[in-house]
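Working notes for the structure below.
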Amino acid sequence: MKFISKYNYLSILFVLILASCSVDDSANKDEEKPTISINYTEGFPQACTELVKGETYTFKAMVTDNLALAAYSLDIHHNFDHHTHDDQEETCDLGDVKAAVNPFIYVENFTIEEGLTSYEINISLTIPDDIDTGDYHCAYSVTDLTGWQARTSIDIKIIE
Amino acid sequence: MVFARSQGLFFQSYNINMFYKTLSIWLCFSLYAMACTQDSLIIKGLVVNAKTLQPIEGVNIIGDGFFSISSSDGSFIIKNITNGNYVLNVSHIGYAPKTVNVHVWRNMDLIYVALDEAVTNLDAVEVNGKTSKRRDKESSTISYKVSKEFLNQNRENSLMQTLSKIPGVSTINIGSGQSKPVIRGLGFNRVAVVQNGIKHEAQQWGNDHGLEIDQYGIENIQIIKGPASLVYGADAIAGVVDIKPNKIPAINSFNGEVNLLGESNNDLLGVSVGVKARKESWFYRSRLTLRDYGDYKVPTDKINYENYIFELHDNHLRNTAGIEANASFNIGYSSEGFTTETSFSNVNAKNGFFANAHGLEVRTSSIDYDSSSRDVDLPYHKVNHFKITNNTSLDLGNHTFHLDLGYQNNNREEHSEPIPHGYMPTPPDSKERAFNKNTYTLNVKDVFKPNAKHDVVLGVNMEYQDNNIGGWGFLIPEYTRFTVGAFGYDQFEINKNLHLQAGIRYDFGVVDTHSYFDWYPSTRNNDDNTISNIYLQRSQDKTLNFGSTSASVGLSYLRNKITYKINIGKSFRMPLSNELASDGVNYHMYRYEKGNLDLDPEASYQLDMEVDYSAKKFSVALSPFVNFFDNYIYLNPTSSYYETLQIYEYTQAKVFRVGGELSASSTVLKNVTLNASAEYVYSRQTSGPKKNFTLPFSPPLSGRLSANYQFKDLLFFNSPQLSAELKVAGAQNEIVPPEQVTAGYQVLNMAFVSKLNSSKNSLPIEMRLKLNNVFHTTYFDHTSFYRLIDVPEAGRNISLSLTIPF
């Protein structure tokens, strides 16, 4: 490193590095992801929640964004094969691995009224009677107007 | 000095004394019986570099009343000579001229001339023939030549990782052994990889596999940093990695090498054996390569990805092991004015993917991944690339015709544990995706010199691709594609130091996409509140035509030690079938990818410049560029959903880019060489839904500083060198959804390179001991595929490689 002072080209290099680092035109650009959370009193379902067949539940999650929210989705699918796990702090006990016969599946998208920066997802859903009980996975996702996305997922069970 | 021996003796002695000769100033030739007519004799000979024993092309061999220039394999022929003694003046720029006395008679043998590299200033040598170095300077194309020495000294786990030490070249990596080329921030189908004149065609669009090319046995690569559609056709919109055919072996030679490689980080063992031989006209070469490696290690014991935590066993990145087996065989014939070489090669690899997250999708599994760090479990991919190429050239007067023919089959399969997704039930097997692509290529080129001032090239390229798909996951439709292009360019010598180069090209292409229906029904809510189960159509039968013009004009000016180049060009790229017609769910990336049949061919306009100052002790080069895309095709994350997956739609946007590379090297002390380089690209989308954002996978500002110390010979170490290289990368705060900001980093690598004298009678063994990531630094590479799931780059690695010639 002692050669730096002697050799101009090295100084030029570092000037170039510094100069380029200072280029900043992040204005007019949304660089923030939306957020999504079930970690509040009304948030539903919480990790390891057991849902009873035939019952109606209100799925609730809070979403926010710095500029404008755009759309959200709810996906409930079985985890009988233990293919994944959720991102909640609590770890749930999973049942035995089994084959699906008539698993419950819920796959829906919704849009959010334009211009909102915070919104509470509120989906009323009846668990059908004729579906397989066992481990399920519940995944929420939300996008903002720019195209950033946030996701969260929760391990739940459907019981008789 | 002159030797006259019988051929057998000569070769014995040539081999035995080869090493001695490389160090000495030798000139040798031998005489040998051969049939010839009495009054019209022939002098045949070979010119080699005395130090490297490599053939030298373009050497002037001048006698009284006759004249010849050595061809690319170093050979030359002088015809219509009568019996007697002659004096040959052998000269070439960059080498000390030599005078050879020859006795010509009926049974004379080949003449071997070994030239020493000139120590005098080049200006003192009269320019008769042009070296390839000189030709590169005269060409306005801004390119970078990579030699076998560079490849050997910088060898990393994949060809592209080796080449990424060149300023302006970077890679998109997945795991330790697979990477794709990126030139000035653009990659995938925007960089053409050419081998033996044939464009390498695989699934370039995919970001989770590498290049199916054996990185051993390559002698010479030209990298063009800029649009090069003019000569290379579509896809060369951002640059070209042109792997040149190897030099034809010297007449009556047989040699080979064994390359051994061991690495500590992923417990890699690699063996590659190459041989080449030539009689008079026929030659062959062959190579076998085998590489086997385990899971690579990262300098962390857990990975935090969003809210997930993956505990790593023994720092191993679970299931990233792999195996690669390659074989090639070439046969060729070379005589005066005619050369043909046919190459058969097969590259086969199987690589595992990180088991805890496939793409962005977090997975759990009952597979016991940690029982062995060397096995490859699900998810993995396997790929086989088979290639036959033929390169033929024919000299006819002042025309040289080149014909390149190629057939290649790329067969790739991606396997993962079958699990249901959305409306898709559990699939029957692990074969998620399969691609089988056949590509046929024909290139014809005529290189001619209408007069001393012009070098003209006219050419036609034709290519037919047939891409078939399989497996239960759908990403891109089946398609066939036919392209044909014609081009012409001229290099005009305005004066000795000023050259103008201009060319134009037109391409026409037809893409035929095939329809695809899901193999499972999806539930649809109809408007009348009924529900239907339908097999959704994912792609359509469509025939699309594209036409595009490319052009380029440039100047090069040589002034003493400085070369100036300026080039302006337009290049294009045809939309790919997935960009046009995909309509599928990529579960692993949590996205739904939607093609757009209305896409236009991408057009790129670029202004390139280069200033290069090369003196004996100091050289510096600056190569800035400005680039504008009229309609860059980009997979845009929208804010909408499709079956709970975010819709990503192929859209076109105007893009402005500016950047360049700076490199400098200096011999400060007799034994110390310092090198420094820096590269930077600034990209902006100036229209479209992501206006003001950059492009995906933008490499950060980065630089390399290296110091190299040449020791005196010690014990059996011959020309030992110790080098240290610091790679410094700035933070990448320029991102586009769904990327994350990546912090800057510094990594130190060290290497000890030496030749080993095993015995006086054999060629020296080359040894390279490298220590990568000396401080076991945890850092993230913004352009690594695993960056998305917060996996750091590989930890410390010690590698030892040996090249044993025979």
Side-chain angles (χ1 to χ4, degrees), chain A residues 1 3-4 6-7 9-10 12-14 16-17 20-21 23-31 33 68-75 77-89 97 99-100 103 105-111 139-141 143-153, chain B residues 306-308 361-366 417-423 425-426 522-523 590-591 618 620 636-646 648 659 662 664 666 668 672 674 676-678 680 682 684 689-693 701-703 705 707 728 730-731 733-738 741 744:
Chain A
M1 289 297 134
F3 301 109
I4 290 173
K6 288 189 194 169
Y7 288 90
Y9 67 87
L10 285 176
I12 292 168
L13 179 79
F14 281 105
L16 184 95
I17 289 170
S20 317
C21 283
V23 174
D24 180 33
D25 49 358
S26 56
N28 311 326
K29 217 164 41 176
D30 172 24
E31 291 180 319
K33 281 186 176 187
L69 293 160
Y72 62 95
S73 78
L74 176 63
D75 179 340
H77 57 265
H78 77 80
N79 191 24
F80 302 164
D81 54 3
H82 298 181
H83 68 270
T84 188
H85 56 88
D86 68 15
D87 59 356
Q88 308 298 317
E89 273 177 37
V97 171
I105 180 162
Y106 182 85
V107 173
E108 289 297 333
N109 321 309
F110 306 90
T111 52
Y140 281 111
S141 64
T143 56
D144 70 8
L145 210 54
T146 311
W148 293 102
Q149 179 177 232
R151 288 180 285 120
T152 192
S153 63
Chain B
E306 294 194 337
N307 295 325
Y308 298 100
E361 186 194 17
V362 175
R363 296 288 282 264
T364 55
S365 171
S366 57
E417 284 187 83
I419 60 158
H421 269 305
Y423 291 112
T426 306
S522 295
T523 306
Y590 289 120
R591 69 190 185 207
F618 177 73
V620 61
N636 174 46
T638 70
S639 56
S640 309
Y641 280 107
Y642 173 88
E643 289 180 4
T644 76
L645 293 166
Q646 190 180 2
Y648 278 56
L662 177 67
S666 170
V668 278
V672 180
L674 292 182
S677 66
Y680 180 66
Y682 167 92
R684 269 292 164 280
K690 291 291 178 288
K691 193 178 170 183
N692 292 327
F693 279 93
L701 169 77
S702 69
L705 286 173
V728 184
N733 297 315
E734 290 288 325
I735 52 164
V736 62
V741 166

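Each chain gets a letter, A, B and so on, in the order the sequences are listed, and its residues count up from 1.
Distance OH/B:Y590 to OG/A:S141: 10.0 Å, rounded to 0.5 Å. Atom OG1 of residue B:T638 and atom CZ of residue B:R591 lie 12.0 Å apart, to the nearest 0.5 angstrom. Atom CG of residue B:L674 and atom CZ of residue B:F618 lie 10.5 Å apart, to the nearest 0.5 angstrom.
Not counting sequence neighbours, the partners of A:K33 by the salt bridge (charged side-chain N to carboxylate O under 4.0 Å, His left out) test are B:E306. Every residue meeting the salt bridge (charged side-chain N to carboxylate O under 4.0 Å, His left out) condition with B:E643, not counting sequence neighbours, appears here in chain and number order: B:R524.
If you tally non-hydrogen atom pairs under 4.5 Å between each of A:Y72, A:Y106, A:F110 and chain B, the highest count goes to A:Y72.
For chain B, the nearby parts of A:T146 are the backbone and the side chain; heavy atoms of each come within less than 4.5 Å. The part of B:V736 that comes within reach of chain A is its backbone (N, CA, C, O), which places non-hydrogen atoms under 4.5 angstrom from that chain. At a 4.5 Å heavy-atom cutoff, B:N636 makes no contact with chain A through either its backbone or its side chain. Of the atoms belonging to A:L69, not a single heavy atom falls under 4.5 Å from chain B. Only the side chain of A:D81 comes within contact range of chain B, judged by heavy atoms closer than 4.5 Å.
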